[in-house]
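One structure is given below, encoded as structure tokens.
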Protein chains: 2
Amino acid sequence: MAKEPWDDPRITTFGMLLEAHDALLCQMAGLPGLDAQLPMTWFEVLLRLARSGGELRMAELAAQVRLSTSGLTRLIDRIEAAGLVERRHCTEDRRGSFAVLTPGGQDLLRQALPAHIDAIERLVVGPLGDDVPVLEDLLRRLRDNAHPASH
Amino acid sequence: MAKEPWDDPRITTFGMLLEAHDALLCQMAGLPGLDAQLPMTWFEVLLRLARSGGELRMAELAAQVRLSTSGLTRLIDRIEAAGLVERRHCTEDRRGSFAVLTPGGQDLLRQALPAHIDAIERLVVGPLGDDVPVLEDLLRRLRDNAHPASH
DNA sequence: CCGGAATAGTTGCACACGCAAGTTGTTGTT
DNA sequence: AACAACAACTTGCGTGTGCAACTATTCCGG
């Protein structure tokens, strides 16, 4: 059986990243109560805002959740319509806006957090155990190496 | 500064997976010659077919590229229109079809492969070095743990 | 201070995808 | 043999996203 170029093991490594990512995401999103009460994308927006003291500039938030600025505009449209965030005009730079976490948004985030943490516990801490920090280190190296010239 | 529930480090670990995945994919897809000559999704379809001897049932291929069967139907529609694959009716089960790699598809895959392998070399082997097998092992454990109850 | 380049965000448009329903073919039960 | 349950795609429809174009504002060089 001839060794064809598409059998290169490096492609398999990369494929594993795609497969693991997708498998985990499907499990997270497919979880009964989890995605239903708060879509993953909404969750991450609320999370990033909470971690930044409740507000963030649109462009900065877009970068953090890895969306184009137009993608974020519409996402915030939807979340704002649900009352979980608000837009506030930036006074020093009248072009810009902040996305601001509302009390309702913060409540919902608090309420949704345990389910997400449980899911992570089951999906990554479970199978990896003490190796979790190793994975985190490897992934961080990948990200830091790739990110510089992105967007 | 109060320790809020959203500062849980496990969420950061999971976030690192999302960030690394996205950063790598953007780099791959954004690469000048790479995505232009052959979109990532097309590339993976052609790759999976080549690795399976040139043909695969639609449902099986859908699972391998992590798409719904309807998603794969349309993807194959497009790739078939470009002449890189063909559909062949399955004779033992006349409901089913095979996606079959055409000579042109195989040629294009062969031609696109070096650029992809170079990209992986630069984006994962570069920053990780000898730790690549460690990453692959960890990701495989994640995938195998998550996959069972999926789709 | 004025005019052109750059920046923050939004909108028009196209597109790829998932879900649910539909079509055709197979399998199992009696 | 007939009919029901099931399976392999495919199609209708809605939705989330990126790219390019647009508007409003700020920055910078002369």
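The figures that follow rest on heavy atoms only: side chains count, while hydrogens, waters and symmetry mates do not. Labels below follow one simple rule: chain letters A, B, ... track the order of the sequence lines, proteins then strands, and each chain is numbered from 1.
Between R94(B) and dC9(D) there is no side-chain polar atom (N or O) within less than 4.0 angstrom of OP1 or OP2.
Under the 3.5 Å distance criterion, the side-chain polar atoms of T102(A) are matched with a main-chain donor or acceptor of L84(A).
In this structure, the CG atom of L72(A) is 15 Å from the P atom of dC19(D), given to the nearest Å. Rounded to whole angstrom, the span from the CG atom of L61(B) across to the P atom of dC9(D) amounts to 10 Å.
Sequence neighbours left out, the pairs with a member in residues 35-64 of chain A that pass ring pair (Phe, Tyr, Trp, His ring centres under 6.0 Å) are F43(A)-H116(A).
For DNA chain C, the residues of residues 74-83 of chain A within the heavy-atom distance limit of 4.0 Å (strictly under) are R74(A), sorted by number.
The pair R141(B)-E19(A) does not count as a salt bridge, with every side-chain nitrogen at least 4.0 angstrom from each carboxylate oxygen. Between R51(B) and E4(A), no side-chain nitrogen of the basic residue sits less than 4.0 Å from a carboxylate oxygen of the acidic one, so the salt-bridge criterion is not met.
Listed here is the closest heavy atom pair of Q64(B) and E44(B): O-OE2, 3.9 Å. Shown here for R122(B) and N145(A), the closest heavy-atom pair between the two residues is O-ND2, 3.5 Å.
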Quick tally for nucleotides 1-8 of chain D: nucleotides whose base has a protein heavy atom under 4.0 Å get B, sugar-phosphate-only ones S, the rest -, giving ------BS
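Contacts of I120(B) classified as side chain to side chain contact (heavy atoms under 4.5 Å, CB included), with partners at least two apart in sequence or in another chain: R10(A), I11(A), F14(A), M28(B), V124(B). Residues satisfying the salt bridge (Lys or Arg N to Asp or Glu O under 4.0 Å) criterion with R94(A), sequence neighbours excluded, are absent altogether.
Chain B approaches DNA chain C over the interval dA16(C) to dT26(C), counting the first and last nucleotide 5' to 3' with an atom under 4.0 Å from its heavy atoms.
Heavy-atom contacts from other residues, nucleotides or ligands closer than 6.0 Å to CD of E55(B) number more than 12.
With a 4.5 Å cut-off on side-chain heavy atoms, D93(B) and C90(B) count as touching.
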